[in-house]
2 protein chains.
Amino acid sequence: MSTPAGARRRADAVRNRQLALEAATALLSEPGAALTVEAIAKKVGLGAATVVRAFGGKDALLDAAVSGLLEPVVRRARDLLAETTATRALHVFLRELLAFQTAHHGVNDRLGGLDLPATTALRADLVRAVEEMIEGARREGTVRTDLDPRVTTTLIGRTALAVAQAQPPSQELADAYLTVLLDGLRPLNAP
Amino acid sequence: MSTPAGARRRADAVRNRQLALEAATALLSEPGAALTVEAIAKKVGLGAATVVRAFGGKDALLDAAVSGLLEPVVRRARDLLAETTATRALHVFLRELLAFQTAHHGVNDRLGGLDLPATTALRADLVRAVEEMIEGARREGTVRTDLDPRVTTTLIGRTALAVAQAQPPSQELADAYLTVLLDGLRPLNAP
DNA sequence: CGATAAGTGAAACGTGCGTTCCAGATGATT
DNA sequence: AATCATCTGGAACGCACGTTTCACTTATCG
């Protein structure tokens, strides 16, 4: 069904699968959207059954959609770590992360009780990357060392998401958050 | 029914109403609890119909329960503002607010699409109190003046809630949050 | 152009939940 | 104790969703 090993797959089915994925992705970024199978199906003019069948269930569809959004973010975090100092990577990435989350209005908030394996894995990658940024910035002397890097990472993850979920989205709030957070993270004898 | 003007109200109905309220309040603080009418009813050995009828609907019941939790918090904020400096009030209250929210594990997180008038009003009161603390602390020279007090209040409200919703609850995270937040809120030329 | 298997979607189904009904139980009043 | 309005809760109802069914459609291939 989802990936029948030796069977033929019709071209229209492949196309519809892609359409469903795009519709789900679009709905994820719409604040008040219903996020039901019916809503996704209607958005592309397909039947609900077709949308569900293409992924084997609603959860799998949303997992694919969220993963697709998250993947470039994770890649960006890794690229920044490789390209520049941890301090600069942290500052740049936090700003971009906030912009991303604001644009998609908290990709998290309506995903309460769902099981999204790929998304969970990507989120773990993201946490690891931020953790590396924090540890690097500590070594570079730009982040205080009296806090556990793990705890700091958790703190950033949770608060950034909360700020991004503000309704309506506010650039002023995001800026204030970054200002307070980064100042608060500086060593005590900072410039 | 809920408050029949001239009619008699039986004592057992009054008692059951109180029991339902207590059960709902208890469930609000249990992380994974179902928060359904059925669950509330079973907790006190009543029928679901009785629980709902006592308040005229599930929303009203939860509104009463959440309000009951929130009311002493709001009063405490007001008391602190009257008793001491805004700076001290802000510091003390933030710590207490975080402890409260952690204890009740984010009273917010399962209240998504519900209409809770009394709770909303209390939250507005809370926001106003924190705003007064921020404004006062600015005048006292302990909080930076380059951020809008309104925005700062929103920032605190959203991030504090997010920190309190951490699963499992972590005192270390809460402490780190307070440290970073309060340091980040200090004037730039701080001690 | 058949023939055949894959794909489709309206309708049916199952589940979970809040709410409402109503026949019987119970507290209040005389 | 008798009477009666109030209260109760199991059952039925309505609604929202995700999922499954199945008669029908359509792409694909010889």
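Each chain gets a letter, A, B and so on, in the order its sequence line appears, and its residues count up from 1. If you're wondering where the values come from, they're calculated on a predicted model, not measured in any experiment.
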Can you tell me how far [atom2] of [N] sits from [atom1] of [X], to the nearest Å?
| X | N | atom1 | atom2 | result |
| --- | --- | --- | --- | --- |
| A:R17 | C:dA6 | CZ | C1' | 16 Å |
| B:L19 | D:dT8 | CG | C1' | 14 Å |
| A:F55 | C:dG7 | CZ | P | 14 Å |
| A:K42 | C:dA10 | NZ | C1' | 14 Å |
| B:R53 | D:dG10 | CZ | P | 12 Å |
| A:D115 | D:dG18 | CG | P | 16 Å |

Contacts under 3.5 Å, N or O only, protein and nucleotides 24-30 of chain D:
{"unit_1": "D:dT26", "atom_1": "O2", "unit_2": "A:R10", "atom_2": "NH1", "d": "2.8"}
{"unit_1": "D:dA27", "atom_1": "O4'", "unit_2": "A:R10", "atom_2": "NE", "d": "3.4"}
{"unit_1": "D:dT28", "atom_1": "OP1", "unit_2": "A:A11", "atom_2": "N", "d": "3.2"}

A:R186/B:D183 ion pair, N-O < 4.0 Å:
no
Across all chains, not counting sequence neighbours, the salt bridge (Lys or Arg N to Asp or Glu O under 4.0 Å) partners of B:E135 are none
Under-4.0 Å side-chain N/O to phosphate OP1/OP2 contact, B:T50 with D:dC7
no
So, is B:N16 close to the D:dC7 phosphate, meaning a side-chain N or O under 4.0 Å from OP1 or OP2?
no
Specify the closest pair of heavy atoms between A:V180 and B:R144, including all atoms of both residues, with the distance to one decimal.
CA-NH1, 4.5 Å
Sequence neighbours excluded, which residues qualify as side chain to side chain contact (heavy atoms under 4.5 Å, CB included) partners of A:A33?
A:L27, A:E30, A:R110
Sorted by chain and residue number, the side chain to side chain contact (heavy atoms under 4.5 Å, CB included) partners of B:L173 (sequence neighbours excluded) come out as A:V151, A:T154, A:L155, A:R158, B:V163, B:A166, B:S170
Who are the side-chain hydrogen bond (donor to acceptor under 3.5 Å, both in side chains) partners of A:E131, not counting sequence neighbours?
A:R150
Donor-acceptor pairs under 3.5 Å, side chain of residues 83-90 of chain A to any protein atom, not counting sequence neighbours: which ones?
{"unit_1": "A:T85", "atom_1": "OG1", "unit_2": "A:R88", "atom_2": "N", "d": "3.1"}
{"unit_1": "A:T87", "atom_1": "OG1", "unit_2": "A:E140", "atom_2": "OE1", "d": "2.4"}
{"unit_1": "A:T87", "atom_1": "OG1", "unit_2": "A:T142", "atom_2": "OG1", "d": "2.6"}

Starting from A:V37, walk the hydrophobic network (Ile, Leu, Val, Met, Phe, Trp, Tyr; side-chain heavy atoms closer than 4.5 Å) and list everyone else you reach, by chain and number.
A:V52
Salt bridge (charged side-chain N to carboxylate O under 4.0 Å, His left out): which pairs involve residues 111-121 of chain A, sequence neighbours left out?
none
Using a cut-off of under 3.5 Å, enumerate the N/O to N/O pairs linking the protein to nucleotides 16-19 of chain C.
{"unit_1": "C:dG18", "atom_1": "OP1", "unit_2": "B:K58", "atom_2": "NZ", "d": "2.4"}
{"unit_1": "C:dG18", "atom_1": "OP2", "unit_2": "B:V37", "atom_2": "N", "d": "2.9"}
{"unit_1": "C:dT19", "atom_1": "OP2", "unit_2": "B:K58", "atom_2": "N", "d": "2.8"}

Looking at B:R15 and C:dG27, is any side-chain donor or acceptor paired with a base atom of the opposite kind under 3.5 Å?
no
